[in-house]
Amino acid sequence: MVRSNAEVAALLQEYADLLAITGGDAFKARAYEKAARAIDGFPTDVAGLDTKGLQEIPNVGKSIAEKIVEFLHTGQVSIVEEARAEIPAGVRELITIPGLGPRKALILHQELGISSVAELLDALDDERLRDLKGFGEKTEANIRHGIALLQQAGGRILLGAAMEAAEQVIAALSEVTGCRRCTYAGSLRRMRETIGDIDILVAAEHSAPFMEAFAALPNTAEVIVQGEKKTSIRTTKGLQVDLRVLPPAAWGAGLLYFTGSKAHNIRIRELAVRHKLKLSEYGLFHTETGRNLASRTEESVYARLGLPWIPPTLREDRGEVAAALRNALPELVTEADIRGDLHTHTDLTDGVASLADMVDAAAARGYTYYAVTDHAPDMAMQQMTDAKMLAQREQLRQLNGKYRKLHLLHGTELNIGPDGEVDWPAEFLAGFDLCVASVHSHFNQSRDQLTKRLVRACENPHVKIIGHPTTRLIGKRPGIDADFDAVFAACARTGTALEINAHPERLDLNDEDILRAKRHGVKFAVNTDAHATTHLPYMRYGVGTAQRGWLTKDDVINAWPLPRLRRFLAQGRSA
DNA sequence: TTTGCGAGCAAATCTGGAATGACTTCCAG
């Protein structure tokens, strides 16, 4: 069954946006926003709950619970429909542009009748914004820049959303009689940070039942093409999904071909040609005789070309074929190697789950250690105090005895200020098992300032991990412009690990930065930055990104046994 | 609209920088 929480959360967030645009009660808008966040991070499917059950969720009261029930029964909510009728969807789209908020969006709509990004671009070109109150040259430039950022994503969706959609399709097709194998291929299997369209492969003798089942899926909005070998659909969310049904004997060759990348495929086809062989999606063939030499598994195809199996995350033509020929492929870190998460939050700051619930979820994942790292006081909104942090530490120490296998670490996520300073004096920092430090503001400093700022944070002996180092948000905000080679060198020199933030909106560092940083001799921490129990599984995307950066478990500090991790955390700290 | 304290009503995360244009909007988490 489709998990409804994300849909309900999206609807509540939409209503909150519409309230903000129409200038309704700000507290009401915020109430809907808070409820949306709570439901998104709620571990149980809300579709199975009644109004009473829904009200058990924090920040969901009677009124919102009734609206959720209305949505679950009828697929819509009347007051949301009324608000939609008043504010065109395009106006809401305007506030997704960085630099444009609800106030200005409403002015654009009321004064100039703008109700889409395209109309806004036209108005910018005609210089029609100049005369509006509150708009100037700088605002114009900001809006243009924001639109360019949005368009860069070019219709691609985030890895996490693509994976969820693919797994729903796979679950459905795996139930069809005659399904021998079913999996995803393409850039999704290579764990690229954004996905253009989803490729699903099925191994079966007969394709027709799969093509029919695929076209009839509940989330299918439109069938683009339907044939014997391939069917393409568009989902209700506008995402294209392609299904290909392969004969079981050609599974390996097909999977290899449709996984790509194109550049990797070209590279191994060249290798085949040199061996007087021909590689296609149907198999590896002898050029002269046409005899099929390998096709059933990927391993057999690679082996016949004199190669070990190459993990999909390496298939980008970045030297993986040459390394495979030398038998020098790295032994990549896997999700099973990860022993703990070192950057997570609770509802003491901006998380939505309690300490006890987060720790329970970590234990269920089989971790041997787990760090809680709530925000520190310099992020004023979090209203952190020494007393609150110490009380949490006490609560954590008491929980520590509850689990046989899981060891809890008390940490914090510090804010790296404009000058590179962090929250709290050294004496207080010495009390933590682990300090992550991250940039959260002042992104537009000069390159020189940003570099010095990050280097200074690395030089703080209590800072052991730099969180989301570039602070980019994929498709929304570019990374900061620092001299990262200088930062990586400082990390290596000071024994500071770089985070690979596993949240699908961040994936920060990205694969290319990881490769560069590794050359400097840096260690890494793959962390989820979880704000809900449902975020802990994002670890897979972080590990996929680490693999794309060619990392082994020796490179990743949270793949180490606890004593080795502790030695790393203690380095340079005298306290 | 929700929550908490107390049984209906008050309060609800902050804070500073930047841009714009003279006080407001937007942004970061």
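Here the structure is a predicted model, which is why all the values come from computation and not from measurement. Chain letters run A, B, ... following the sequence lines, proteins first and then strands; every chain starts at 1.
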Problem - Nearest-angstrom distance, P atom, B/dC27 to B/dC23 - result: 23 Å

Handout entry: Interatomic distance, A/K62 NZ vs B/dT1 C1' [rounded to whole Å]
Key = 12 Å

Exercise for the section: Report yes if at least one side-chain N or O of A/R477 is closer than 4.0 Å to OP1 or OP2 of B/dC27; otherwise report no. Expected result: no

Determine all donor-acceptor pairs shorter than 3.5 Å in which one atom belongs to a side chain in residues 88-99 of chain A; sequence neighbours excluded.
unit_1	atom_1	unit_2	atom_2	d
A/R92	NE	A/D17	OD2	3.1
A/R92	NH2	A/D17	OD2	3.2
A/T96	OG1	A/E93	O	2.5

Handout entry: B/dC26 versus B/dT20 - spacing of their P atoms, nearest Å
Key = 13 Å

Practice task
Using atom CD1 of A/I64 as one end and atom C1' of B/dT3 as the other, report the distance to the nearest whole Å.
Solution key: 12 Å

Practice task
Quick one: label A/S441 by what it contacts on the DNA or RNA (base, sugar-phosphate, nothing), any heavy atom closer than 4.0 Å.
Solution key: nothing

Fill in the blank from the handout: Side-chain atoms of A/D350 come closest, of B/dT25, B/dG29, B/dT1, to B/dG29

Handout entry: Separation of atom CD in A/Q55 from atom P in B/dT3, rounded to whole Å
Key = 8 Å

Handout entry: No-hydrogen, no-angle side-chain donor-acceptor test under 3.5 Å, A/E193 and A/N510
Key = no

Handout entry: Separation of the P atoms in B/dT3 and B/dT13, to the nearest angstrom
Key = 12 Å

Practice task
Just compare B/dG29, B/dT13, B/dT25 and give me whichever is closest to any side-chain atom of A/K104.
Solution key: B/dT25

Handout entry: Stacking of A/F27 on B/dA12 base (centres under 5.5 Å, planes under 30°)
Key = yes

Practice task
May I ask you to verify if any side-chain N or O of A/K67 is less than 4.0 angstrom from the OP1 or OP2 atom of B/dT1?
Solution key: yes

Practice task
Provide the distance between the two P atoms, one in B/dA12 and one in B/dG6, to the nearest whole Å.
Solution key: 16 Å

Exercise for the section: Using distance alone, with no hydrogens and no angle criterion, decide if A/H345 and A/H343 have a side-chain donor and acceptor under 3.5 Å apart. Expected result: yes

Practice task
Could you tell me whether A/R365 and A/E335 have a side-chain N and a carboxylate O separated by less than 4.0 Å?
Solution key: yes

Exercise for the section: Looking at every strand, decide which applies to A/R506 at a 4.0 Å heavy-atom threshold: base, sugar-phosphate, or nothing. Expected result: sugar-phosphate

Handout entry: Gap between atoms CD1 and P, on A/I95 and B/dC26 respectively (whole Å)
Key = 9 Å

Handout entry: Atom-to-atom span, CG of A/L19 to C1' of B/dA12 - whole angstrom
Key = 16 Å

Exercise for the section: State whether a side-chain donor-acceptor pair under 3.5 Å links A/N415 with A/H375. Expected result: no

Practice task
Could you tell me whether A/D40 and A/R37 have a side-chain N and a carboxylate O separated by less than 4.0 Å?
Solution key: no

Problem - Whole angstrom value for the distance that separates P of B/dT24 from CD1 of A/I107 - result: 13 Å

Practice task
In whole angstrom, give me the gap between the C1' atoms of B/dT24 and B/dA10.
Solution key: 27 Å

Problem - Under 3.5 Å on both distances, the Watson-Crick or G-U partner of B/dC23 - result: none

Handout entry: Non-neighbouring partners of A/F484 that pass ring pair (Phe, Tyr, Trp, His ring centres under 6.0 Å), sequence neighbours left out
Key = A/F488

Practice task
Would you mind classifying the nucleic acid contact of A/E137 as base, sugar-phosphate or nothing, using non-hydrogen atoms under 4.0 angstrom?
Solution key: sugar-phosphate

Practice task
Measure from the side-chain heavy atoms of A/Y32 and tell me the nearest of B/dT13, B/dT1, B/dG29.
Solution key: B/dT1

Practice task
Send over the distance from A/H345 NE2 to B/dA28 P, rounded to a whole Å.
Solution key: 16 Å

Could you run down the sub-3.5 Å N/O contacts of the protein with nucleotides 15-17 of chain B?
none

Handout entry: Closest to the A/T139 side chain, choosing from B/dT20, B/dT3, B/dT1
Key = B/dT20

Practice task
Output the distance between atom CG (A/D508) and atom OG (A/S438), rounded to the nearest 0.5 Å.
Solution key: 9.5 Å

Exercise for the section: Could you check A/N142 against A/I97 and say which one's nearest nucleotide on DNA chain B is further toward the 5' end? Expected result: A/N142

Exercise for the section: Would you mind telling me which of B/dT2, B/dG29, B/dT13 lies closest to the side-chain atoms of A/R30? Expected result: B/dT13

Handout entry: Integer angstrom distance from the P of B/dA11 to that of B/dG16
Key = 23 Å

Exercise for the section: Assign A/D25 to base, sugar-phosphate, or nothing according to its heavy-atom contacts below 4.0 angstrom with the strands shown. Expected result: base

Practice task
Check the side chains of A/T451 and A/D483 for a donor-acceptor pair under 3.5 angstrom, ignoring hydrogens and angles.
Solution key: no

Fill in the blank from the handout: Which of B/dT1, B/dT25, B/dA28 is nearest the side chain of A/A31? It is B/dT1

Completion exercise
Taken to the nearest whole Å, CD/A/Q383 to P/B/dA12 is 9 Å

